[in-house]
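Every heavy atom of this structure was used, including side-chain atoms; hydrogens, water molecules and symmetry mates were not. Note on naming: letters A, B, ... go to the chains in the order of the sequence lines (proteins, then strands), and numbering restarts at 1 for each one.
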Amino acid sequence: GQNIDQPTEMTATEGAIVQINCTYQTSGFNGLFWYQQHAGEAPTFLSYNVLDGLEEKGRFSSFLSRSKGYSYLLLKELQMKDSASYLCAVASNSGYALNFGKGTSLLVTP
Amino acid sequence: DAMVIQNPRYQVTQFGKPVTLSCSQTLNHNVMYWYQQKSSQAPKLLFHYYDKDFNNEADTPDNFQSRRPNTSFCFLDIRSPGLGDAAMYLCATSSGRLEQYFGPGTRLTVT
């Protein structure tokens, strides 16, 4: 089975840096995805990690440690529009299913 | 520019009345997915198609069916909607196991 945990809610200040953690226990692993989802909208792809280390993409970075079953999404220079839910999703090594965590609701305050 | 299109965006149906949700894509992706997402919960995969090969998740109720007549279109049929089926239904596509692109979703209300 799959178990994916992330904090339910986080609050951060505009201009600051925030780190959203995700831990997972899966029967197989074929990569970890981060998605952003604004209220009432579809998830949009942010990042993909399949090897250990840090992937940087503009203000967003994502880190993976496969041995620890751990990932984080780092958001720098926070903007008000970054207020959204951030979903961690793990791909198993068979099939195409993505198993999503429940998401972390991030609130950016002025 | 829309890449994954879902119609309608909002659907109201009556308890027990069959309903069909549609999804189309302009990406020519070979994999299409249907997810159910309830309020404040993670998207839950119902099934997916790899080309014409249908793959049902083990815990997807029989009440949910799907059709993919061609590469571009995929339908979700709910044969007898119950109150518990009210949710956002998300269609997604991917090229193999690469990132999934989601449509805007259809919010289903069951009265």
Side-chain angles (χ1 to χ4, degrees), chain A residues 1-10 20 22-24 26-51 55 57 60 62 64 73 84-107, chain B residues 1-7 9-10 21 23 25 27 29-51 53-60 66 68 74 87-109:
Chain A
Q2 314 255 3
N3 190 30
I4 302 169
D5 288 314
Q6 36 181 146
T8 305
E9 293 179 339
M10 298 183 73
I20 302 174
C22 172
T23 58
Y24 62 90
T26 62
S27 55
F29 182 82
N30 197 35
L32 186 144
F33 295 80
W34 283 96
Y35 282 83
Q36 180 192 61
Q37 187 176 26
H38 285 99
E41 297 182 13
T44 55
F45 170 76
L46 290 177
S47 69
Y48 171 64
N49 295 70
V50 67
L51 299 176
E55 294 280 342
K57 192 186 285 188
F60 294 0
S62 58
L64 175 68
L73 179 70
S85 182
Y86 291 85
L87 300 164
C88 171
V90 175
S92 67
N93 58 6
S94 63
Y96 294 81
L98 274 186
N99 287 283
F100 283 85
K102 291 186 177 181
T104 298
S105 180
L106 174 66
L107 176 65
Chain B
D1 257 310
M3 296 183 290
V4 183
I5 303 157
Q6 290 188 244
N7 285 306
R9 295 290 309 276
Y10 299 90
L21 310 182
C23 176
Q25 54 132 340
L27 297 164
H29 283 169
N30 55 351
V31 192
M32 293 187 79
Y33 311 78
W34 279 105
Y35 288 87
Q36 179 193 64
Q37 187 177 27
K38 297 187 177 180
S39 183
S40 302
Q41 295 186 22
K44 179 179 178 301
L45 183 65
L46 296 173
F47 24 61
H48 72 273
Y49 276 93
Y50 181 90
D51 291 327
D53 292 335
F54 176 71
N55 298 269
N56 200 30
E57 293 300 298
D59 55 356
T60 298
S66 186
R68 188 179 186 187
C74 195
M88 175 77 87
Y89 290 87
L90 297 165
C91 173
T93 74
S94 70
S95 176
R97 290 188 180 153
L98 299 179
E99 65 265 25
Q100 295 182 19
Y101 291 82
F102 285 82
T106 295
R107 183 166 294 283
L108 178 68
T109 300

Subject >> Side chain, backbone, both or neither of B:Gln6 within contact of chain A (heavy atoms, under 4.5 Å) >> reply: neither
**OP:** Look at the aromatic rings of A:Tyr35 and B:Phe102 and report parallel, tilted or perpendicular, splitting at 30° and 60°.
**Re:** perpendicular
Original post:
Measuring heavy-atom distances to chain A, does B:Pro104 have an atom under 4.5 Å in its side chain, in its backbone, in both, or in neither?
Top reply: backbone
Original post:
Between A:Phe33 and A:Phe45, how do the two ring planes meet: parallel, tilted or perpendicular, split at 30° and 60°?
Top reply: perpendicular
**OP:** Could you look at A:Tyr48 and say if it's the side chain, the backbone, both or neither that has a heavy atom under 4.5 Å from chain B?
**Re:** neither
Subject >> Closest-packed option against chain B by number of heavy-atom pairs under 4.5 Å, given A:Gly103, A:Ala42, A:Ser105, A:Pro43 >> reply: A:Pro43
Original post:
Is the B:Phe47 ring parallel, tilted or perpendicular to the B:Phe54 ring (thresholds 30°, 60°)?
Top reply: tilted
Original post:
Any chance the SGs on B:Cys23 and B:Cys74 are under 2.5 Å from each other?
Top reply: no
